[in-house]
Each structure stands twice: as structure tokens, then as C-alpha cells.
Amino acid sequence: MDFNMKKLASDAGIFFTRAVQFTEEKFGQAEKTELDAHFENLLARADSTKNWTERILRQTEVLLQPNPSARVEEFLYEKLDRKVPSRVTNGELLAQYMAEAASELGPSTPYGKTLIKVSEAEKRLGAAERDFIHTASLSFLTPLRNFLEGDWKTISKERRLLQNRRLDLDACKARLKKAKAAEAKATCEGDTVPDFQETRPRNYILSASASATLDDTSRSPPWAEWKEKHPGGWRLPCFFLLPLTPSVTLARGCLPLPEDRKLWNDEVDKAEQELRVAQTEFDRQAEVTRLLLEGISSTHVNHLRCLHEFVKSQTTYYAQCYRHMLDLQKQLGSSQGAIFPGTFVGTTEPASPPLSSTSPTTTAATMPVVPTGAALAPPEEAALCLEEVAPPASGTRKARVLYDYEAADSSELALLADELITVYSLPGMDPDWLIGERGNKKGKVPVTYLELLS
């Protein structure tokens, strides 16, 4: 493997400089370039979007697949880029057990016949659940995952680059500040040898060959004595540190020459040039990051559309479940009425929606529950001649119909949503039913389809 040592050393130096700047900022020893309020709001909004998207995604996965082991298996198949194997839903598994039990216990027996009917309904429910999971995964989960694994990763990458550009910018500001301070100090103190280590690292060497011929008339007697000891021209002592520059370094005690001030000016100019470059790179990276963060609004619009699709698929799923269970209830009611005359279906009755004074628009979103005695009224009530029934002297009320209802036989009254009818109860009637009148028509109506008015 071919290593570029210069690039490696440069990257290591940059990393060390950023680490030093970051540490000094944390300890309050260095200034930090602050972003504007609008940019900070965009960052907070993006972080909040990412966090809540992750939570919604995880909980939706739990809703669609409650089994954690199955979720882990699907995750592994997805990461390995392999097709997830087809999995039987709980409803389909229950239908399979019921069908096998019916075949073993006797499909011609009442219990076996009922098991077969329920298994068929559970199988349809399982198929509806499978379609719902597939639709919800495509329309809702996939866009959320695409955002977290695509757009958000890009945003995070650009934010890290912006952080590095900011650290470089602040390091350049600190370097320029130190260079100017050192230049001012050298100008005020003429007997001080410039210390380049205050601004940036430099290579220094010990030199005994740097020399300069001085005029005896312009110097004090000690310099003349030095010349006498060195006839070929006096030399500076070897303990002076000389930078690797073509200029002549002054001995301690000499006045600064224009060349030394030029060195400091060059140092400040170089620091200013690096600062301008760092500022340009920071501004460009900040603009790129800002554009990505402003794109979060488009992400919200996309997620809103996906949320509508999810609600639509969930509504379709529950409507299918309701229709399948309603058909099963009617089948079980007719079969149980033939086996057990005069009894009602089931030992437990589903909870009926509470009667309230809410508007039809609000209550129409709730699926009605058909009373269990719809097709199994006692023979004495089924044979009741409605034409001979007279309303009681007191106790009639007005009621608003919440949902459409199709009469199961001639003793019931068909209903249309939002219409007003007169209702009353007769002694000995099932409390889930009332007698309804609309014009000259009369028949039994389920209480759960009505909103009683005062």
C-alpha cells in the first residue's frame, strides 16, 4: 500500500490543531465563532425532526409486527440485501388450527361447522392484515427510513464539515491575534530578539558562521577588542539562535533593523491571508448546510403525504375487518338460532358506542356494533304483529340515525343516516332494540345506530 507521508503528516497536524482549538473553547480559553439565530433554529428543527422520525418509525414497526424476534429477523434480511421470507399472520395461523380441529372433531357436527366458519373469517382477516402491513410498509415506513438513511446522513456529514471549518477559522483568528501582539511587542522593545514560536512552529539552528563586519568608528571599544581577536572580521557568538531566513539576526543589545520588522509584517500578512481563506471556506460550507437544513420543510410535506396514505390504508384494513366480522356474526346468528331457538348469539356482547349528543360527522367515524340479537329475536318477538302495536301514552322520543342500516327481515325498519325517527320501547323487549316509526312505517331498530334526542 502506497502511503503519502506528507499528506498523512499534514492531516495529523490539522487534526491536532482542531483538537487544541476545541479543547480551549471548552475550557473558555479561546473565542468561538457563533452561528446566527436563524441557523441555530434550523439546526434545532432538524434534530427534532430526526429524533421524532426515529421514534415514530420504531413504534410503527412494533404496531405492524409485535414480535421482536420477527423484527430482528427482518432487519437482518434487509441489511444482508436478501428477500424476507413469507410469514404466516396470527389470524391465518388461528384459521389453520381451527380448520384442523374441525376436520378431526367432525366437520358435520355443530361445533365443527362453527369452527369452519370462524376459520374462514379468520383467514380473511389474516389476508387483510397482510395487505395492510405491506401497504403501510411501502407508503409510510420506507419514506421514513429513506430520510434517516439518506437525507439525514448527508446533513450530518455537512454539519461535521461545517464544524471543522469553524475550528479552522477560529484557529486562524487566534494565530493572527498572536502575530499582531508579537509584532507590537517587538516594535516597542527594540532589544528583543523576535520569537517566531509565538505564532507558528519554525526550525531553528545553532550558527557560528553568521558574521557581519562593523565599522570601528560606529561602535564602542568592546567591539574593537573583538576585531583585534578576529583579524579576518568579527563573528557573533555561537549561542545566538538564527531562523532559517536570509536576513541577518541581530545580537542582543543591537537596534532592530528594517529586515526584522519586515519578517513580522510578512508573518502578519500570511496569517491574514490564511484567515481570509478560512473565512471563505466557512461561509461556503455554512451556505451549503443552510440549504440542506431548509430542505427539512420539504421533508415534512413528504412525511405528511405518507401519513395520509398510512391512515387511508389503516382505515381500509379496519373496514375490511368489520365487514368480515359482520358477515361471520350473521352466519353464526342464523346457525345458532337453528340449534338453540330463543337464545342470543355468544356469551359476551361487544361494547356498544356510547350515546351522546355529538354531531353525525364526528360519530360517523366510529364503526357501529350490530346487536347480537339482530337475527335471533325470540319467536314471540319475531312473530309480533307490528300493525297491532300501539305506541305508549308516554315515553316516545325522537332519535337521529347515525349509520345506514339494512333490515334483516320484515320485522325491522331500514334506516338512513341523519334521518329523524320516533322511537319507543315495549315491555319485555330486548334493551338493545327499540320500535321505530317513520311516517306510516314501523319496525325494530338497533339502539347503537341511534342518537336519542331530548
Side-chain angles (χ1 to χ4, degrees), residues 48-75 77-78 83-96 118-151 298-330 350-354 356 358-370 402-406 417-418 448-449 451:
S48 179
T49 301
K50 180 254 184 182
N51 293 333
W52 284 111
T53 301
E54 287 180 339
R55 294 183 182 182
I56 293 174
L57 175 64
R58 287 195 297 266
Q59 194 57 38
T60 306
E61 291 175 341
V62 173
L63 174 66
L64 299 180
Q65 180 51 263
N67 188 350
S69 300
R71 290 200 304 272
V72 172
E73 181 181 355
E74 292 176 357
F75 175 78
Y77 273 100
E78 182 181 356
K83 184 179 179 180
V84 180
S86 178
R87 184 178 289 105
V88 180
T89 62
N90 295 328
E92 293 172 334
L93 186 60
L94 178 60
Q96 179 182 349
V118 176
S119 67
E120 292 175 354
E122 293 295 336
K123 186 176 181 180
R124 290 194 293 268
L125 290 176
E129 181 182 3
R130 184 189 300 277
D131 294 340
F132 166 61
I133 294 175
H134 178 70
T135 305
S137 298
L138 291 180
S139 62
F140 190 60
L141 292 183
T142 300
L144 296 186
R145 289 197 188 98
N146 291 340
F147 166 72
L148 293 175
E149 297 177 0
D151 296 345
S298 301
T299 301
H300 288 181
V301 174
N302 184 35
H303 288 181
L304 175 61
R305 180 184 58 81
C306 297
L307 184 60
H308 280 285
E309 294 293 333
F310 174 71
V311 173
K312 182 180 178 181
S313 62
Q314 199 170 24
T315 303
T316 302
Y317 166 62
Y318 287 125
Q320 290 175 349
C321 293
Y322 168 73
R323 185 170 62 253
H324 296 327
M325 295 309 298
L326 187 62
D327 294 340
L328 176 63
Q329 195 176 38
K330 290 181 179 180
S352 302
S356 61
T358 55
S359 62
T361 304
T362 304
T363 56
T366 306
M367 289 295 182
V369 179
V370 177
L402 299 178
Y403 320 101
D404 294 341
Y405 178 73
E406 183 179 354
D418 296 338
T448 54
Y449 280 68
E451 178 187 357

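Numbers for residues simply follow the sequence, beginning at 1.
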Q. Do other residues, nucleotides or ligands put more than 12 heavy atoms under 6.0 Å from Glu149 CD?
A. yes
Q) How are the rings of Phe140 and Phe310 set to each other: parallel, tilted or perpendicular (split at 30° and 60°)? A) parallel
**Q.** Criterion side-chain contact (heavy atoms from CB on, under 4.5 Å) on Val301 and Arg305, from CA distance to verdict
**A.** CA-CA 6 Å; Val301 174; Arg305 180 184 58 81; 6.0 Å; no
Q. How long is the span from the SG atom in Cys321 to the CG atom in Leu326, to the nearest 0.5 Å?
A. 12.5 Å
Q.
Can you give me the closest heavy-atom contact between Ala128 and Tyr317, atom names plus distance?
A. O-CD1, 3.5 Å
Q | Summary of salt bridge (Lys or Arg N to Asp or Glu O under 4.0 Å) pairs that have at least one residue in residues 307-316, sequence neighbours excluded | A | none
Q | Minimum heavy-atom distance Pro143-Cys306, with the two atoms named | A | CG-SG, 3.4 Å
Q | Side-chain heavy-atom pair Thr316, Asp131 within 4.5 angstrom cut-off | A | no
Q. Can you name the closest pair of heavy atoms from Ala95 and Ser119 and give their distance?
A. CB-O, 3.0 Å
Q.
Nearest 0.5 Å, please: how far is OH in Tyr322 from CG in Asp327?
A. 9.5 Å
Q: Identify the two heavy atoms, one from Leu402 and one from Thr448, that lie closest to each other, and give their separation to 0.1 Å.
A: CD1-O, 4.4 Å
Q | side-chain contact (heavy atoms from CB on, under 4.5 Å) partner of Glu122, chosen from Asn90, Thr89, Leu94 | A | Leu94
Q. Taking the inter-plane angle between the rings of Phe132 and Tyr318 on a 0 to 90° scale, is it parallel (under 30°), tilted (30 to 60°) or perpendicular (over 60°)?
A. tilted
Q. side-chain hydrogen bond (donor to acceptor under 3.5 Å, both in side chains) with Thr49: which of His300, Glu54, His303?
A. His300
Q) In Å and rounded to the nearest 0.5 Å, what is the CZ to OG1 distance from Arg145 to Thr53? A) 13.0 Å
Q | Spatial distance of atom CG (Leu125) from atom CD (Glu120) [nearest 0.5 Å] | A | 12.0 Å
Q | Separation of Lys330 NZ from Leu328 CG (nearest 0.5 Å) | A | 12.0 Å
Q.
Please check: side-chain N/O of Asn146 versus main-chain N/O of Thr142, any donor-acceptor pairing under 3.5 Å?
A. yes
**Q.** Flag side-chain contact, heavy atom, 4.5 Å: His134 against Leu138
**A.** yes
(Q) Just verifying a value: how many Å separate Asn51 CG and Ile56 CD1, rounded to the nearest 0.5 Å? (A) 11.0 Å
